[in-house]
Amino acid sequence: MTDPQLFLAERVQQALAAAFGAEFSDADPLIRPSQFADFQANVAMSLGKRLRRAPREVAQELADRLTEAGFPGTVEVSGPGFLNITLDDAWIAGQTAGILADPRAGVPTATPPQTIVIDYSAPNAAKEMHVGHLRTTIVGDCLARTLEHLGNRVVRQNHVGDWGTPFGMLIEHLLDIGEEAAIARLEAGEGSEYYQEARVKFDSDEEFKQRSRRRVSTLQSEDPETMRLWHLFMGATIRYFDKVYSMLGVTLTDDDIAGESMYNPMLAKTCDDLEAEGIAVVSEGALCVFPPGFTGAEDKPLPLMIRKSDGGYGYATTDMAAVRYRVDDLKVDRILYVVGADQALHFRMVFAAARMAGWLPDTVSAEHVQIGMMLGTDGRRFRTRSGETVKLTDLLDEAVDRARAAIADRGYDEATQREIAHTVGMGAVKYADLSVSHDSEYIFDFDRMLAFTGNTGPYMQYATARIRSIFRKGGVDPESATGPIALGDPAERALALQLLGFGPVVELAGTAAEPHRLCAYLYETASAFTTFYENCPVLREDVDEATRASRLALCALTMRVLETGLDLLGVRVPERM
Ligand SMILES: NC(=[NH2+])NCCC[C@H](N)C(=O)O
């Protein structure tokens with residue numbers, strides 16, 4: 001047990017039960033960080049009402065019970081009935097030594113481990129990969145790393161848009177411009193322009209339109225030559241996605257591609273089974289599910305359409321098939337859909353329909369991790385100056401160029417400079433995406449994300465690299481910095497208390513699917529370290545040996561917490577900055 005808040009909650013609950021009876025043992029003790037002590041417990045206020053007693057009296061009784069039971073700290077009653085709790089230095093030092101010796105630095109392991117599908121990134125081949133996909137990629141990847149680190153089995157699924165009627169015209173356009181030329185352009189990330197060209201021809205050229213329509217049906221019947229062309233198209237497109245992934249350093253590989261086309265063979269049965277069960281009904285020629293509680297204009301029930309009146313399947317059909325596959329075949333406990341917030345209604349309806357059908361049992365949790373829209377500095381949907389959508393590799397290149405300019409005067413040789421610029425540029429983009437809550441809108445602002453101060457990627461990288469340099473300068477191997485830990489200065493104590501929170505915050509980021517919690521914690525930790533480092537010399541000659549050993553141990557643990565935390569965010573740290 002390293003988390004001070006959990007430890008205190010447990011102790012206060014025991015005191016509650018001892019003082020007022022077992023029925024109070026599960027009351028929330030309301031432990032909060034405090035200005036006047038380490039923590040305060042606010043439970044006496046509400047309990048006073050429940051017991052019809054003065055809250056101060058209740059608080060005093062709790063304080064007495066706590067101290068009677070050998071509590072490792074002091075408890076004071078203040079104000080109308082707050083319990084101000086200060087932990088003993090020795091307790092904090094002991095717990096800190098515990099996580100220093102723990103290879104997991106206090107991060108718990110899920111028992112039992114869960115199988116978790118994370119559906120993320122999911123760009124569309126027939127359109128452009130846009131900044132919104134950048135954010136779902138970055139957030140999803142952090143959740144994958146975090147949940148894996150917590151001991152779960154994570155199945156990454158990149159639900160790419162690789163099927164549907166637009167592929168008829170996309171394949172015909174490929175034939176028109178020639179296989180090689182088409183492939184080169186798709187690999188270079190010109191999918192958006194390619195799509196536009198095909199669209200223009202489709203709308204203006206009757207012959208092209210007819211060919212494209214015929215191509216849709218040969219695609220649907222999986223005619224071998226059409227499938228060969230489709231594979232060419234998709235192969236080149238995926239190579240471009242891979243370029244973006246490898247620039248970003250995300251963990252997605254080609255093995256994680258589980259695109260819409262994968263579910264084709266299941267779609268007919270998906271519809272038939274839902275119809276046979278009476279879950280889906282034909283309405284105006286289309287097959288629809290009407291999950292209860294979803295209504296549109298004039299209170300009309302909203303349909304989730306799973307088969308169009310022309311017999312075609314759609315986005316919802318695929319998602320219904322995917323739920324069933326994930327539950328029945330992958331045996332998941334939890335599915336996270338890291339997708340734009342604008343699809344909230346779609347997912348609520350899919351989950352509701354799947355629950356109705358019994359395909360999504362109550363034991364499996366399905367969560368839409370909503371991704372807020374990415375805005376430009378003008379507060380509008382993110383575009384280039386000329387109003388087009390932004391090509392992701394260009395955007396990432398610009399981040400690297402700007403990072404390079406920021407470190408240009410630091411005297412590194414060419415290769416080192418390039419390496420640092422890449423790490424800092426990507427770290428900036430990723431950290432900026434992760435540090436705000438995933439469902440809020442977010443302004444893409446290079447100046448802000450590349451700032452070397454504040455809650456930014458470059459600052460966090462710098463803070464970590466600085467601790468590494470302490471060890472380099474002192475000629476000390478961080479592995480050998482094992483203490484013992486003694487806490488004299490208030491800044492040492494505050495840092496140690498902060499470090500105890502690492503395990504709990506990683507767990508919270510994973511269970512709540514909220515990476516920004518981890519960012520906020522790491523930023524607080526870096527700040528606590530700065531205060532410590534300003535007040536507590538480590539390598540200075542007048543520092544006695546025991547103090548030096550203790551402070552080096554705190555440095556080593558801080559470094560490990562920051563490095564592990566940044567690694568879970570997918571942010572690398574340059575050796576020096
Ligand atoms: N299972 C899913 N529907 N995943 C998300 C797919 C996202 C979709 N390709 C889009 O760009 O909007």
Side-chain angles (χ1 to χ4, degrees), residues 115 117-126 155-171 212-238 241 252-282 285-289 304-332 335 337 339 346-347 349-351 353-361 364 366:
T115 297
V117 159
I118 308 187
D119 178 324
Y120 72 105
S121 191
N124 301 310
V155 184
R156 293 163 174 77
Q157 289 204 305
N158 191 354
H159 194 91
V160 294
D162 61 357
W163 201 256
T165 45
F167 281 86
M169 66 177 194
L170 294 169
I171 289 175
S212 301
R213 292 228 163 110
R214 279 199 299 279
R215 191 58 79 177
V216 174
S217 49
T218 52
L219 184 66
Q220 265 153 5
S221 61
E222 301 194 16
D223 153 67
E225 173 59 8
T226 303
M227 290 310 288
R228 184 185 72 82
L229 295 168
W230 178 83
H231 279 293
L232 276 185
F233 182 92
M234 279 315 300
T237 302
I238 286 170
F241 296 164
L252 278 175
T253 69
D254 287 358
D255 294 340
D256 304 318
I257 291 193
E260 294 179 7
S261 65
M262 181 180 117
Y263 301 98
N264 283 343
M266 310 171 200
L267 300 182
K269 189 163 157 46
T270 301
C271 290
D272 292 347
D273 290 354
L274 287 173
E275 197 173 7
E277 294 283 327
I279 308 285
V281 292
V282 176
L287 187 63
C288 302
V289 182
L304 180 75
M305 198 195 291
I306 53 171
R307 196 176 60 216
K308 291 177 227 158
S309 50
D310 67 4
Y313 305 116
Y315 190 54
T317 329
T318 312
D319 264 323
M320 289 300 290
V323 169
R324 199 184 203 184
Y325 168 76
R326 289 163 180 178
V327 172
D328 289 354
D329 292 35
L330 300 179
K331 312 248 178 292
V332 286
I335 316 176
Y337 293 81
V339 187
H346 165 77
F347 284 111
M349 293 184 79
V350 166
F351 300 162
R355 298 244 185 246
M356 280 167 78
W359 293 358
L360 188 59
V364 175

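Throughout, residue positions are numbered sequentially from 1 according to the sequence presented.
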Participant: Looking at residues at least two apart in the chain, or sitting in another chain, which of them share a side-chain hydrogen bond (donor to acceptor under 3.5 Å, both in side chains) with K331?
Facilitator: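 K331 satisfies side-chain hydrogen bond (donor to acceptor under 3.5 Å, both in side chains) with no residue once adjacent residues are dropped.
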Participant: Is D162 reaching over with its side chain to a backbone N or O of E260, donor-acceptor style, under 3.5 angstrom?
Facilitator: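 Yes; judged by distance alone, with no hydrogens or angles, the pair exists.
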Participant: When you compare the side chain of H231 with that of M234, does any pair of heavy atoms fall below 4.5 Å?
Facilitator: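 In short, these two side chains do not touch, never coming nearer than 4.5 Å.
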Participant: Can you check whether L274 reaches W359 side chain to side chain, under 4.5 Å on heavy atoms?
Facilitator: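 They are in contact (side-chain heavy atoms under 4.5 Å apart), so the answer is yes.
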Participant: Hey, what do you get for CG (L304) to CE (M356), rounding to the nearest 0.5 Å?
Facilitator: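 Reported value, rounded in 0.5 Å steps: 10.0 Å.
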Participant: Looking at every heavy atom in both A122 and N158, which two are closest together, and how far apart are they?
Facilitator: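 Closest heavy-atom pair between A122 and N158: N-OD1, 2.8 Å.
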Participant: Check each of D256, T318, V339 against H159 using the side chain to side chain contact (heavy atoms under 4.5 Å, CB included) test, and report the only one that passes.
Facilitator: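 Answer after filtering D256, T318, V339: T318.
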Participant: Determine whether I257 and I238 make a side-chain contact, defined as any pair of heavy atoms from C-beta on separated by less than 4.5 Å.
Facilitator: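 Yes; the side chains approach each other to less than 4.5 Å.
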Participant: Which atom names give the shortest non-hydrogen contact between G161 and F167, and what distance separates them?
Facilitator: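 That would be O-CZ, 4.1 Å.
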Participant: Excluding sequence neighbours, so at least two apart, what forms side-chain hydrogen bond (donor to acceptor under 3.5 Å, both in side chains) with D273?
Facilitator: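 For D273 the side-chain hydrogen bond (donor to acceptor under 3.5 Å, both in side chains) partners, ignoring immediate neighbours, are K269, R324.
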Participant: Just how far is it from atom OG1 of T218 to atom CE of M227, taken to the nearest 0.5 Å?
Facilitator: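 One gets 10.0 Å once the value is rounded to the nearest 0.5 Å.
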Participant: Side chains of L330 and Q157: does their closest heavy-atom pair fall under 4.5 Å?
Facilitator: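 Sidechains of Q157 and L330: in contact.
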Participant: Are I306 and C288 close enough that some pair of their side-chain heavy atoms sits under 4.5 Å apart?
Facilitator: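 In short, these two side chains do not touch, never coming nearer than 4.5 Å.
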Participant: Would you call W230 and I171 a side-chain contact if the rule is heavy atoms closer than 4.5 Å?
Facilitator: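 In contact.
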Participant: Can you name the nearest heavy-atom pair linking V216 to G168, along with the distance?
Facilitator: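 For V216 and G168, the tightest heavy-atom pair comes out as CG2-CA, 3.7 Å.
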Participant: Is it the case that atom CE in M305 sees more than 12 heavy atoms from other parts of the structure closer than 6.0 Å?
Facilitator: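 Atom CE in M305 is not crowded, with 12 or fewer foreign heavy atoms closer than 6.0 Å.
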Participant: Taking it one step at a time, do R307 and T317 satisfy side chain to side chain donor-acceptor pair (under 3.5 Å)?
Facilitator: CA-CA 7 Å; R307 196 176 60 216; T317 329; over 6 Å; no
Participant: Closest heavy-atom contact between M262 and M266?
Facilitator: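 Distance-wise, the nearest heavy atoms are O-CE, 4.0 Å.
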Participant: When you compare the side chain of V332 with that of V327, does any pair of heavy atoms fall below 4.5 Å?
Facilitator: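 Heavy-atom side-chain distance check passes, below 4.5 Å.
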Participant: Where do A353 and I279 come nearest, in terms of heavy atoms and distance?
Facilitator: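 In terms of heavy atoms, the two residues are closest at O-CG2, 4.4 Å.
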Participant: When the ring planes of Y337 and F351 are compared, do they come out parallel, tilted or perpendicular, using 30° and 60° as the limits?
Facilitator: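 Rings of Y337 and F351: tilted, as their planes differ by 30° to 60°.
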Participant: Rounded to the nearest 0.5 Å, what separates atom OG in S261 from atom CG in L219?
Facilitator: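 Going from OG on S261 over to CG on L219, the span is 9.5 Å.
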Participant: Roughly how far, to the nearest 0.5 Å, is the CG atom of D310 from the OG1 atom of T165?
Facilitator: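 Output value for this atom pair is 9.0 Å.
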Participant: Is any side-chain heavy atom of V323 less than 4.5 Å from a side-chain heavy atom of V350?
Facilitator: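 Yes - at least one pair of side-chain heavy atoms lies under 4.5 Å apart.
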Participant: At what distance, to the nearest 0.5 angstrom, does CG of D119 lie from CD1 of I335?
Facilitator: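 Going from CG on D119 over to CD1 on I335, the span is 8.5 Å.
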Participant: First locate atom CZ of R215, then atom CD of Q220, and finally report the distance between them rounded to the nearest 0.5 Å.
Facilitator: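 Here the interatomic distance stands at 13.0 Å.
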Participant: What heavy-atom pair brings A258 and Y263 nearest, and what distance separates the two atoms?
Facilitator: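 Answer, listing the atom of A258 first, then Y263: O-CE1, 4.1 Å.
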